[in-house]
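One structure is given below, encoded as structure tokens.
Atom set for the values below is all heavy atoms of this structure, side chains included, hydrogens, waters and symmetry mates excluded. Chain A is the first sequence line, chain B the second, and so forth, proteins listed ahead of strands; every chain is numbered from 1.
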Protein chains: 2
Amino acid sequence: MQDIEKHLLHRDVQDALELIGGRWRGAIMTSLCGSPKRFSELKEDLKPITSRVLTKELRYLEQNKLINVERSTAAANSVLYTHSEHGSSCGPIILQLRDWAIKHREIMLEYLKE
Amino acid sequence: MQDIEKHLLHRDVQDALELIGGRWRGAIMTSLCGSPKRFSELKEDLKPITSRVLTKELRYLEQNKLINVERSTAAANSVLYTHSEHGSSCGPIILQLRDWAIKHREIMLEYLKE
DNA sequence: CTGCATCCAATTCGATACTG
DNA sequence: CAGTATCGAATTGGATGCAG
């Protein structure tokens, strides 16, 4: 029983890190924390991401309900990306990770001095 | 100025996700949250990880000061892996991620029912 | 502006076998 | 017990060009 739970624990962590891990997914979610954005704004914000990769990651996040995609029927070629309700709930966690990474860099730098 | 800060924000998130992201690093850190472990215990706990990959990831975490490695000189073939002080500070964040992933799964299942 | 198609390089990860 | 060596499959992600 405990064994099963332990394994599930790891699997959940792996799931989470697949959802927001990788080179770009966390950064995309971070970028959308500030405000909804269009494709070109994301591309600019996340430079040097390519449109191929940005498209792919946005589709992934959409399929996993972390973002909403508003494809305006009125104005063609205008698509707005926003956090889904559930997607926005991971924002604070990602920001904690960011703070942790900043602290980590300081620690590593200090260590290199010695 | 603000542009620079925004880009740095993304880079920090990317840094964090490189440190604990990927298939195994987060799971290893989670496993060490419970208690210090030896190589074989980690391998068992993280099954089906291979020793090749486990070795590589442990070396990475060691180099980045997230874990301590106690290579006992007395008893050969006995190595104990523990969180470093800084490494343990990411434990709570990872557990939040785990909880978030669990909630995510529930949401996805509910969505599939409709 | 928002993407898709093609091609390709690099990396990651696993299987398997072996060592002191 | 704690790894290392070798090989290969699969995935990821970048470059570039094109399309509606």
Side-chain angles (χ1 to χ4, degrees), chain A residues 7 10-11 13-32 35-64 66-82, chain B residues 7 10-11 13-32 35-64 66-82:
Chain A
H7 281 292
H10 299 150
R11 229 170 290 188
V13 171
Q14 289 174 324
D15 284 351
L17 287 171
E18 192 189 322
L19 284 167
I20 62 159
R23 177 100 171 72
W24 295 112
R25 299 217 258 266
I28 292 172
M29 293 303 286
T30 309
S31 181
L32 290 180
S35 60
K37 287 195 174 60
R38 288 183 300 144
F39 188 88
S40 51
E41 292 176 307
L42 280 169
K43 189 156 155 47
E44 169 64 24
D45 198 22
L46 299 172
K47 199 158 46 181
I49 197 173
T50 65
S51 50
R52 175 197 184 280
V53 173
L54 181 54
T55 300
K56 219 175 127 232
E57 300 300 359
L58 287 171
R59 293 293 167 273
Y60 175 90
L61 294 172
E62 183 186 11
Q63 281 175 21
N64 286 278
L66 299 187
I67 62 173
N68 293 131
V69 184
E70 297 171 28
R71 297 183 174 81
S72 148
T73 49
N77 293 338
S78 178
V79 180
L80 193 63
Y81 294 92
T82 65
Chain B
H7 282 291
H10 299 150
R11 229 170 289 190
V13 171
Q14 289 174 324
D15 284 352
L17 287 171
E18 194 190 322
L19 284 167
I20 63 159
R23 176 103 172 69
W24 295 112
R25 299 216 258 266
I28 293 172
M29 293 304 285
T30 308
S31 180
L32 291 179
S35 60
K37 286 195 175 61
R38 287 182 299 144
F39 188 88
S40 50
E41 293 176 308
L42 279 170
K43 189 157 154 48
E44 169 64 24
D45 197 23
L46 298 173
K47 199 157 47 182
I49 196 172
T50 66
S51 48
R52 175 195 183 283
V53 173
L54 181 54
T55 301
K56 220 175 128 233
E57 299 301 358
L58 287 170
R59 294 291 169 273
Y60 175 90
L61 294 172
E62 184 187 10
Q63 281 176 21
N64 285 277
L66 299 187
I67 62 174
N68 293 130
V69 184
E70 296 171 29
R71 297 184 173 82
S72 147
T73 49
N77 292 338
S78 177
V79 181
L80 193 62
Y81 294 92
T82 65

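The minimum heavy-atom distance linking B/L17 with A/I20 is given by the pair CD1-O, 3.1 Å.
Atom CD of B/E41 is separated from atom C1' of D/dC1 by 11 Å (rounded to the nearest Å). Separating the NZ atom of A/K47 from the P atom of D/dA15 is a distance of 14 Å, rounded to the nearest angstrom.
To the nearest 0.5 Å, atom CE of residue B/M29 and atom NE2 of residue A/H10 are 12.0 Å apart. Note that the CG atom of A/L80 and the CG atom of A/N68 stand 10.0 Å from one another [nearest 0.5 Å]. Summarising the geometry, atom NZ belonging to A/K43 is positioned 9.0 Å from atom OG1 belonging to A/T55; distances are rounded to the nearest 0.5 Å.
Scanning residues 52-62 of chain A for heavy-atom distances under 4.0 Å to DNA chain C yields A/R52, A/T55, A/R59. Within residues 14-25 of chain A, the residues approaching DNA chain D are A/R23, A/W24, by heavy-atom distance under 4.0 Å.
Close to D/dC1, at under 4.0 Å from its OP1 or OP2, lies a side-chain N or O of B/S40.
With hydrogens and angles disregarded, no donor-acceptor distance shorter than 3.5 Å links the side chain of B/S31 to the backbone of B/A27.
You'll find the side chain of A/Y81 reaches within 4.5 Å of the side chain of A/I67, heavy atoms only. Contact of the A/E62 side chain with the A/R59 side chain is registered, since non-hydrogen atoms from C-beta on lie closer than 4.5 Å.
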* Quick one: do A/K37 and A/L32 satisfy side-chain contact (heavy atoms from CB on, under 4.5 Å)? Show the steps, please. => CA-CA 7 Å; A/K37 287 195 174 60; A/L32 290 180; 4.0 Å; yes
* Given side-chain contact (heavy atoms from CB on, under 4.5 Å), test A/L66 with A/Y60 step by step and report yes or no. => CA-CA 9 Å; A/L66 299 187; A/Y60 175 90; 5.8 Å; no
* Could you give me the CA-CA distance, side-chain angles and deciding distance for B/L58 and B/V69, then say whether side-chain contact (heavy atoms from CB on, under 4.5 Å) is met? => CA-CA 9 Å; B/L58 287 170; B/V69 184; over 6 Å; no
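At a cut-off of 3.5 angstrom, the base of D/dG20 holds at least one donor-acceptor pair with the side chain of A/N77.
Taking a heavy-atom distance under 4.0 Å as the criterion, the stretch of DNA chain C touched by chain A extends 5' to 3' from C/dC1 to C/dC7.
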